[in-house]
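The structure appears below as structure tokens.
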Amino acid sequence: MTFDPVEPADPVLSGWIQVLTDDGVPAEPPQCSTDLATTVAERESDRADAPRWVWATTETDYPRLLRAGVRVERCHDIALTESLLLARVGRFGEPRSLAAAWARLRGLPVPQDPRPVAPQEQTALFGIEASGGSSVPDAQQQLEMLVAVHADQLRRIAVAASDPRASAPSLATLVAAESAGGLVAAEIAAFGLPWRVDAHDAVLTDLLGPRPFGDALPAKLAELGVHVGEAFGYAPGRGFNPDSPTQVLRALRHAGFSINSTRAWELRAIDHPGIELLLEYKELSRLHAAHGWAWQDAWVKDGRYRPEYVVGGVVSGRWATRNSGALQIPRIMRRAVIADDGWSLVVADAGQLEPRVLAAVSGDTGLARAAASGDLYAALAAEAFDGDRAAAKLALLGAMYGQTSGGIGPLLSVLRKRFPAAMAYVEDAARTGERGGVVYSRLGRACPPPSPRWRRIVSGLDGVAGADIAVEGDADMDSAAEADAAFADVNAYAYTDARADADGGAGAGSGGGSGYSGMRSGQAARSRGRFTRNFVIQASAADWASVWLAVLRRRLAELGGVDGVGRGSGVGGVAPHLVFFVHDEVVVHTPKQLADQAAQAVIESADEARRVVFGRTPVRFPLATAVVDCYADAK
DNA sequence: TACAATGACACA
DNA sequence: TACGTGTGTCATTGTA
């Protein structure tokens, strides 16, 4: 399906539709519809037989249908799929739009992806920017591109499924789940998370004092700042700023403390009367800056907060967000999330997800036995750590993150002895990463190959001594069948280290800590080993979460229809719907009378996701679920 | 003045 | 020896 390029507010959607076979081959001539909303809704009316809509990008195409009151059951998102397929051949951060995919297919210059625009500043919706004087294709030409690229993507998915070196029999599942994720993200943005401004105000006022005028600091914060200054010998108004790490560091050193940073964990070790005030100031200051009244003004409209998710925005397949920090909302702010009258929130999170994923992907029978229980760490402790749950947790987290410090060596030895398959799984992934290899999630999502910079450092060509680690060839990056000439672009790595090289490297754990700047060969190798070690788990957990969301979305829609309460296939009716998602946690907004069924759907979806992603496994993925009026009341 | 880097901390 | 993964956003600080 393609749309004619009209204004988003235009109530009449027109565009082109063509029916394809399962192989992506046209089964009918293309047809123009001057009322796409109605056409699509009619095709969707028999949900059991709903088509899988193929379109350029859900992110821009689907909101137009949603605004017209039309929900779709399934889609194939060309852009999201292109990302997954490019990743399979080691190409990250390359343009993934329909236009770009089509250009690669035809061997033409590849246009950059359009810059994502905030919903409020959207004008023309067509994501094809004219470049080099070429004209923007019309909707019918777009349809031809769409059909060609879609067929090619199906072919590449099949190729990946039979790749002997990096088999991904489930890649089609991943593509379907990723596409469904796009639908979920668009629907969450459309519905919005119920957000009560008065409750948000109450939290802020309680902690910070009344809302100040303009940009002034709230009263409590300003007062606290003065007290902090006084505690370190500064008179009020004498220019001490607790928000300045430099000044705080200077004040503390002047008071005789030798510290390297003003991080909270380091400050807590200091015995000084000003520290407690300073820590309180930092906490409140952050709350005010990140999620205070300015944030509320910018992001809460008509009782709804609308997160802008970036599906698959993290290389591991986790979602990212744009602009409003939806994934970093402080827990205390959950008090502002209150269901509408007559509605409830179903809150569910998958506890201990990552160790359970490790148990499932590694097939370790001992760990799987522990993961069949409700508290994996307690079961692990009982089996191998003399009942010491804290030790068991520390050990397993250390194994998944690659930690070796802090005296956990002996704990890791226990794991290695008692759960050899699980430990071998993560250690194999780490060794592959250290050698420059690529690892994959359960459903076949590929991690980025090492950057040229990493290769230089590890091979000792970067002016740092210590080159003793062999780097694998490019065998991992391009499966033989995939490496056709159209994909021979060398400039594939600009993205991979964008953050890694920008931050301060391994020294003192600054910033993200995954950089290679200033690293010696061995450090860089082990750093990448930790990344790939974690990738196989985090990305497989993301696989599971994506499928969970996709299944849940379908079941919630069935719930609305079956009950006869909601309009079912429509939008904005009274069917339960997803309103929030954070890695391993979902929030569903539901009419009260459907709350129990919605909660049941959440639980059953998790189990279906388990079967789809991990097949036959004794591992369970128990959910903590709660039906509440306020998000903060869940656990 | 505008932009980039830094340090810190929120989330999973 | 020591080495915990992945993000986004803010205020401050440094540079062009």
Original post:
Between A/Lys282 and B/dA8, does any side-chain N or O lie under 4.0 Å from OP1 or OP2?
Top reply: no
Original post:
Is any side-chain N or O of A/Arg530 closer than 4.0 Å to OP1 or OP2 of C/dT5?
Top reply: yes
Original post:
To the nearest angstrom, how far is A/Trp299 atom CH2 from C/dT9 atom C1'?
Top reply: 11 Å
**OP:** Round to a whole Å and report the spacing from CD1 of A/Ile408 to P of C/dC3.
**Re:** 11 Å
**OP:** Would you mind classifying the nucleic acid contact of A/Gly398 as base, sugar-phosphate or nothing, using non-hydrogen atoms under 4.0 angstrom?
**Re:** nothing
Subject >> Closest listed nucleotide, where the reference is the side chain of A/Arg286 and the choices are B/dA12, B/dC9, B/dC11 >> reply: B/dC9
**OP:** Establish whether the base of C/dT12 is bridged to the side chain of A/Gln247 by a donor-acceptor pair shorter than 3.5 Å.
**Re:** no
**OP:** For the residue pair A/Pro218 and A/Arg211, establish whether any side-chain heavy-atom pair is separated by less than 4.5 Å.
**Re:** no
Subject >> Residue A/Phe531, side-chain heavy atoms: nucleotide from B/dA12, C/dT5, C/dG4 that is nearest >> reply: C/dT5
Original post:
A/Leu327 CG to B/dA10 P: how many Å, rounded?
Top reply: 16 Å
**OP:** Using whole Å, report how far NZ of A/Lys635 lies from C1' of B/dA12.
**Re:** 10 Å
**OP:** Describe the nucleic acid contact of A/Ile329 in one word from base, sugar-phosphate, nothing, applying a heavy-atom distance below 4.0 Å.
**Re:** sugar-phosphate
Original post:
Is the closest side-chain donor-acceptor distance between A/Glu266 and A/Ser261 under 3.5 Å?
Top reply: yes
Original post:
With a distance cut-off below 6.0 Å to the six-membered ring centre and an angular limit of 45° from the axis, does A/Arg304 pair with A/Trp195 as a cation-pi contact?
Top reply: no
**OP:** Round to a whole Å and report the spacing from CD of A/Glu354 to P of B/dC11.
**Re:** 17 Å
**OP:** Report the relative orientation of the aromatic rings in A/Trp295 and A/Tyr305; use parallel for angles under 30°, tilted for 30 to 60°, perpendicular for over 60°.
**Re:** tilted
**OP:** Under 4.0 Å between any heavy atoms, over every strand shown, what does A/Ala264 touch: base, sugar-phosphate, or nothing? Just pick one.
**Re:** sugar-phosphate
Subject >> Base-pair map of DNA chain C as dot-bracket, where | denotes pairing with a different strand and pairs are Watson-Crick or G-U under 3.5 Å >> reply: ....||||||||||||
Original post:
If you look at every strand shown and take non-hydrogen atoms under 4.0 Å, does A/Arg533 touch a base, only sugar-phosphate, or nothing?
Top reply: nothing
Original post:
Would you say a side-chain N or O of A/Thr262 is under 4.0 Å from OP1 or OP2 of B/dA8?
Top reply: yes
Original post:
For A/Lys282, which of A/Leu267, A/Asp243, A/Leu224 qualifies under side chain to side chain contact (heavy atoms under 4.5 Å, CB included)?
Top reply: A/Leu267
**OP:** Ignoring backbone atoms, test whether A/Asn323 places a side-chain nitrogen or oxygen under 4.0 Å from the OP1 or OP2 oxygen of C/dG8.
**Re:** no
Original post:
Between A/Asp584 and A/Trp544, do the side chains contain an N or O donor and an N or O acceptor separated by less than 3.5 Å?
Top reply: no
Original post:
Can you check whether A/Ser324 has a side-chain N or O nearer than 4.0 Å to OP1 or OP2 of C/dG8?
Top reply: no
Subject >> Shortest side-chain distance from A/Pro245, nucleotide among B/dG7, B/dA10, C/dG4 >> reply: B/dG7
Subject >> Donor on one side chain, acceptor on other, A/Asn241 and A/Gln247, under 3.5 Å >> reply: no
Original post:
Closer than 4.0 Å, any side-chain N/O of A/Ser244 to the OP1 or OP2 of C/dT13?
Top reply: yes
Subject >> Residue met sooner reading DNA chain C from 5', once A/Ala326 and A/Arg318 are mapped to nucleotides >> reply: A/Arg318
Original post:
Contact class for A/Arg528 vs. all strands (heavy atom < 4.0 Å): base, sugar-phosphate, or nothing?
Top reply: nothing
**OP:** Just compare B/dC9, B/dA10, C/dG6 and give me whichever is closest to any side-chain atom of A/Arg263.
**Re:** B/dC9
Subject >> Atom pair distance, as rounded to whole Å: CD in A/Glu283 and P in C/dC10 >> reply: 19 Å
Original post:
Quick one: does A/Arg526 reach the base of C/dA2 with a side-chain donor-acceptor pair under 3.5 Å?
Top reply: yes
**OP:** Please name the pair of heavy atoms, one in A/Val311 and one in A/Ala185, separated by the smallest distance, quoted to 0.1 Å.
**Re:** CG2-CB, 3.7 Å
**OP:** Check whether any side-chain N or O of A/Ser405 sits under 4.0 Å from OP1 or OP2 of C/dC3, and answer yes or no.
**Re:** yes
Original post:
NA contact type, A/Asp349, heavy-atom cut-off 4.0 Å: base, sugar-phosphate, or nothing?
Top reply: nothing
Original post:
Expressed in angstrom and rounded to an integer, what is the separation of A/Phe535 atom CZ from C/dT7 atom P?
Top reply: 10 Å
**OP:** Mind listing the closest non-hydrogen atom pair of A/Ala251 and A/Phe240 along with its distance?
**Re:** CB-CE1, 4.0 Å
Original post:
Could you state the CE-P distance from A/Met400 to C/dG6, rounded to the nearest angstrom?
Top reply: 14 Å
